[in-house]
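Each remark here refers to the structure printed beneath this line.
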Number of protein chains: 2
Amino acid sequence: MDKTNTRDTIFKTAVVLFSRKGYHGTSVRDIAREVGIKESSLYNHFNGKEAILDGILAYQMDVFDKAVHALDALKSTDVDDLTDPVEFWMAGTREFLKYMDPTSGLISRILINEMYLNQKCREFYLDTMTKARKDLVKALFSEMRKKEMIRDCGIEMTADHYVYLLQGLEIEHTLRELDGEDPGVLKNELIGHITLFIQGLAQ
Amino acid sequence: MDKTNTRDTIFKTAVVLFSRKGYHGTSVRDIAREVGIKESSLYNHFNGKEAILDGILAYQMDVFDKAVHALDALKSTDVDDLTDPVEFWMAGTREFLKYMDPTSGLISRILINEMYLNQKCREFYLDTMTKARKDLVKALFSEMRKKEMIRDCGIEMTADHYVYLLQGLEIEHTLRELDGEDPGVLKNELIGHITLFIQGLAQ
DNA sequence: GTCTATAACTCGATAGAC
DNA sequence: GTCTATCGAGTTATAGAC
């Protein structure tokens with residue numbers, strides 16, 4: 001580890017510990033010990049514990065922005081040949097997931113942990129992880145409706161339902177993975193649910 | 001406050017504080033101060049902080065058990081005259097909600113806060129707040145299918161989708177209420193979503 | 001940029017008088 | 001069942017030597 005990477009090591013270590021033991025359950029001491037430096041040295045890289053959390057929020061915001069823009073770009077280019085709604089949707093889902101690295105998965109956990117307690121986390125969850133996702137799904141459903149890939153289903157509320165389905169599965173699968181369930185099985189379950197949902201819109 | 005009610009006051013105070021500041025963010029000192037006794041006195045009623053949390057879980061388990069049994073009883077009695085699926089469903093929802101007092105709403109928040117961090121809370125969330133709810137909805141959907149109130153929609157997965165919708169709305173509405181939104185508006189939104197979902201099964 | 005040392009405070013929990 | 005008093009450990013953060 002170079003000196004220049006210490007800040008990054010602190011960041012990634014904090015994400016892991018915050019997601020595992022919670023923000024309040026993790027001390028600056030824990031992070032420093034795991035990184036291999038003293039607590040006081042950590043303050044040369046971050047102004048304090050809360051500054052680390054701010055950095056984590058900024059990171060996640062960046063990841064989401066990039067994913068949404070990538071999907072916006074994809075929408076208006078090379079997917080015109082995809083006429084099957086399920087295939088169309090899965091292509092978009094794969095594109096979106098490209099931007100979701102393991103770190104951003106852990107950050108989602110931190111945000112859900114803190115959303116009731118911390119104003120910034122709550123705002124992020126409502127704006128980015130819920131509203132922005134709903135808007136994105138709405139735009140994509142509209143696109144599919146124009147191409148007559150799906151029926152007239154009340155796009156506004158249906159998009160909401162899809163996002164709630166996704167969030168519910170994300171939470172449940174994370175919990176079940178913590179209890180030792182096989183991630184492969186969970187992924188297949190996820191694909192099954194998504195497929196059924198989109199098929200329901202197509203018929 | 002009688003002496004005999006001190007334990008109950010501690011319990012309810014803990015529920016409020018845990019839901020507002022989190023389990024780790026609330027100290028035994030906070031609870032004692034709010035109740036109006038010294039910390040040491042609190043230990044005459046609970047063996048410790050964790051024992052209070054255990055009591056909270058037991059309370060919620062009891063609430064859910066009673067609500068589920070009430071709905072089971074209702075299913076096989078006086079709702080035979082209800083042939084409209086939305087009316088049928090709303091009658092059941094109202095019956096279920098009768099058992100959900102404000103305390104149990106706050107406890108749900110505590111559980112979601114702790115589900116990633118605490119094994120007992122995670123188990124409760126998965127078993128009671130997710131699986132038991134799915135099973136209940138499945139049973140009711142089967143009942144409705146037998147009476148030909150709904151179409152053949154793949155009851156297993158559809159019940160899951162309904163529970164995820166409910167959980168998603170519960171979380172989002174709690175967050176928005178924390179940010180000062182009008183509970184009345186949120187309740188109407190909830191009714192709108194439920195109605196649309198059940199209508200979608202009826203057609 | 002890292003360290004030692006320490007300030008200033010909060011935590012859960014207990015002993016023992018009344 | 002409530003209190004005072006206290007313990008031992010943990011908390012974030014800073015000062016200053018190297």
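Bear in mind the structure is a predicted one, so any value in this text is a computation, not a measurement. Chain A is the first sequence line, chain B the second, and so forth, proteins listed ahead of strands; every chain is numbered from 1.
Look at A:Ser27 and you'll find a side-chain N or O under 4.0 angstrom from OP1 or OP2 of D:dT11.
Residue A:Asn47 qualifies as open at atom CG: its count of foreign heavy atoms under 6.0 Å is 12 or below. Atom CZ of A:Arg20 is surrounded by 12 or fewer heavy atoms from other residues, nucleotides or ligands within 6.0 Å.
As rounded to whole Å, 13 Å separates atom C1' of D:dC7 from atom OH of B:Tyr43. Between the CZ atom of B:Phe46 and the P atom of D:dG1 there is a distance of 12 Å, rounded to whole Å. Atom CG in B:Asp30 sits about 14 Å away from atom P in C:dA13, given to the nearest Å. Between the NE2 atom of B:His45 and the C1' atom of C:dG12 there is a distance of 17 Å, given to the nearest Å. In this structure, B:Ile10 atom CD1 and C:dG12 atom P are separated by 14 Å, rounded to whole Å. In this structure, A:Asn5 atom CG and C:dG1 atom C1' are separated by 14 Å, rounded to whole Å. Protein atom NE2 of A:His24 is 15 Å distant from nucleotide atom C1' of D:dG10, rounded to whole Å. In this entry the distance linking CD1 of B:Ile31 with P of C:dC11 reads 11 Å, nearest Å.
Side chain of B:Val28, nearest nucleotide from D:dA13, C:dA13, D:dG1: C:dA13. Distances were taken from every side-chain heavy atom of A:Lys49 (C-beta onward) to each of D:dT12, C:dG1, C:dC3; the shortest belongs to D:dT12.
Taking B:Lys49 as the reference, B:Phe18, B:Tyr23, B:Val28 meet the side-chain contact (heavy atoms from CB on, under 4.5 Å) condition, with sequence neighbours excluded.
Taking the six-membered ring where tryptophan is involved, the planes of B:Tyr164 and A:His193 are perpendicular, since the angle between them exceeds 60° and thus also 30°.
With DNA chain D read from its 5' end, the first of the two nearest nucleotides for A:Asn47 and A:Arg33 is the one closest to A:Arg33. The residue among B:Ile37 and A:Thr26 whose nearest nucleotide of DNA chain D is located toward the 5' end is B:Ile37.
Both the sub-6.0 Å distance and the 45° axial angle are satisfied by B:Arg7 relative to the ring of B:Phe46.
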Could I get a table of every N or O pair under 3.5 Å where one atom is in the protein and the other is in nucleotides 4-6 of chain C?
from, atom 1, to, atom 2, distance (Å)
C:dT4, O4, A:Ser40, OG, 2.8

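Counting only residues at least two apart or in different chains, ring-ring contact (aromatic ring centres under 6.0 Å, His included) contacts with residues 47-66 of chain B comprise B:Phe11-B:Tyr59.
The ring of B:Trp89 has its center closer than 6.0 angstrom to the ring center of B:Phe141.
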